[in-house]
Amino acid sequence: MSLIRYGIVGTGYFGAELGRILNNLDHAKVTSVYDPSNSEDIADELGCESSSTIEELCSREDVDTVIVASPNSTHKEPVLLAAKYGKNVFCEKPIALNFQDCEEMIQRTKEENVVFMAGHIMNFMNGVRRAKQIINEGVIGDILFCHAERNGWEEVQETVSWKKLRDISGGHLYHHIHELDFIQFLMGVPERVSMSGGNVVHTGEQFGDEDDMLFITLEFSGKRFATLQYGSAFRWSDHFVKIQGTLGAILIDMQNAKMILKTTNEEEYILHETKEEDEDRAQLNKNSEMDSAIMYGRPNQRPPQWLQSMMINEMRYLHSVLQGKEIEDEFKPLLDGTAARDSIATADALTLSLQEDRKVSVVEVMK
Ligand SMILES: NC(=O)c1ccc[n+]([C@@H]2O[C@H](COP(=O)([O-])OP(=O)(O)OC[C@H]3O[C@@H](n4cnc5c(N)ncnc54)[C@H](O)[C@@H]3O)[C@@H](O)[C@H]2O)c1
């Protein structure tokens, strides 16, 4: 096995933890980081150098793969620069905030023949992997309908995070693209979509400008449907994906941290790697000041153990691909940016639907 050297762009809550995880893998080493606010500190902690620009990091000879974990609206520049210098890329979700940017990133990474993996971490959740296996074995039959909710209540915070600003994060739909992406993984790209909602109560200076209630309908070929809710104006918080098939159903319950298969009876499975991680997540959801469905950490926090375990699975997978592991067919669209692009296309179509108050065909925005 050869040593893979990683450079990280954006070393906040997520990027710094990805760096810690990578440094713990065999034959992996973080060699450089770039972040406009904490590069030096994180470089000291990770035992690497700090680059003073993104281009410097991407062009370094001792960087083989670039990890992009900066705010959502800033992903394109480092991805294109990484491709320019022939480096593989792992880019956090959402990879971009519109279809056209996704296309450009895919095109350039493809031309340079580099990996372009999207950080769609739900693929590395134990319960999700088990659900996919059960579905592939035909246990719940054909999927007819999926329903997801990612709802909570946002209180006033000390400062307004970039995660609450539409131009930078894209708002709930783009920032929390996980559930939409997972449903598309199971059902494909929808034909027509519609969205209603808006910024209902989180208005004024102490809040960001993202919509706090979103109600989504996806129509797939063959009379298959999905509905999703996202937002931070729900006092009754919930976080789950329900998959309804012709023979059975699956609940991926991220609020109470468990997975349930329902056929003639109900079977319960763990959601994360261990029962303790599940209990921790369920407890955290009960106690947190802001529901974890709508909140993600701050730069000086560490992710909880259940999330770290998923990040470890994800980084191990990336590292194994870079070491030459063959990519399974179902993961190919995750490793070339196309699954991520297709989710953003649907998000764009939904955004247009809300703006123009009509149903939108997803192909309309795919140009
Ligand atoms: N997969 C997941 O479950 C998950 C969870 C959390 C965050 N994320 C993603 O990770 C990324 C980072 O989120 P976070 O929670 O670490 O945010 P954060 O605010 O904690 O960290 C972002 C860091 O990026 C730095 N930064 C700002 N502008 C930059 C630029 N132009 N270039 C490089 N760095 C820049 C900031 O100084 C900060 O340190 C986002 O894309 C987010 O969506 C993914």
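Counting convention: from 1, in listed order, for ligands and their atoms alike.
Sparse packing is recorded around NZ of Lys262, with 12 or fewer heavy atoms of other residues, nucleotides or ligands lying under 6.0 Å away. Annotation: Glu61, atom CD; neighbour count of heavy atoms from other residues, nucleotides and ligands within 6.0 Å does not exceed 12. For NZ of Lys242, the number of neighbouring non-hydrogen atoms (other residues, nucleotides, ligands) closer than 6.0 Å is 12 at most.
Partners of Asp62 by side chain to side chain donor-acceptor pair (under 3.5 Å), not counting sequence neighbours, listed by chain and number: Arg60. Every residue two or more places apart in sequence or in another chain that forms a side chain to side chain donor-acceptor pair (under 3.5 Å) with Thr338 is listed here: Asp336.
Side-chain polar atoms of His239 and Glu179 form a donor-acceptor pair below 3.5 angstrom.
The pair Arg20-Glu45 counts as a salt bridge, with a side-chain nitrogen and a carboxylate oxygen less than 4.0 angstrom apart. By the 4.0 Å N-to-carboxylate-O rule, Lys164 lies close enough to Glu154 to be salt-bridged with it. The pair Asp278-Arg281 does not meet the salt-bridge criterion, since no charged nitrogen lies less than 4.0 angstrom from a carboxylate oxygen.
Near Ala69, the atoms of ligand 1 lying under 4.0 angstrom from a non-hydrogen atom of the residue are 11 (C), 12 (C). Ligand 1 places these atoms under 4.0 Å from at least one heavy atom of Pro36: 26 (N), 27 (C), 28 (N), 29 (C), 33 (C), 34 (N), 35 (C). Close contacts between ligand 1 and Gly10 involve ligand atoms 24 (O), 33 (C), 34 (N) [criterion: under 4.0 Å to a heavy atom]. Using a 4.0 Å cut-off to heavy atoms of Tyr34, the atoms of ligand 1 that qualify are 32 (N), 33 (C). Against a heavy-atom cut-off of under 4.0 Å, Thr74 is close to the following atoms of ligand 1: 31 (N). Atoms of ligand 1 lying under 4.0 Å from any heavy atom of His75, numbered from 1 in the order shown and given with element: 41 (O). Atoms of ligand 1 found under 4.0 Å from any heavy atom of Gly119, numbered from 1 in the order shown, are 1 (N).
Heavy atoms only, all atoms of each residue included: Ala226 and Ile183 are closest at CB-CG2, 3.9 Å.
Within the 4.0 Å heavy-atom cutoff, Lys163 counts among the residues contacting ligand 1. A heavy-atom separation below 4.0 Å is not found between His120 and ligand 1. Heavy-atom separations between Met311 and ligand 1 are all 4.0 Å or longer.
In terms of N/O distances under 3.5 Å, ligand 1 is not approached by Asn38. The shortest N or O to N or O distance between Trp162 and ligand 1 is under 3.5 Å. Among the atoms of Phe14, some N or O lies under 3.5 angstrom from an N or O of ligand 1. For Asn72, a nitrogen or oxygen atom sits less than 3.5 Å from a nitrogen or oxygen atom of ligand 1, counting backbone and side chain alike.
By heavy-atom distance, the residue among Glu92, Met122, Glu17 lying nearest atom 44 (C) of ligand 1 is Glu92.
When non-hydrogen atoms are compared, ligand 1 lies under 4.0 Å from neither the backbone nor the side chain of Glu77.
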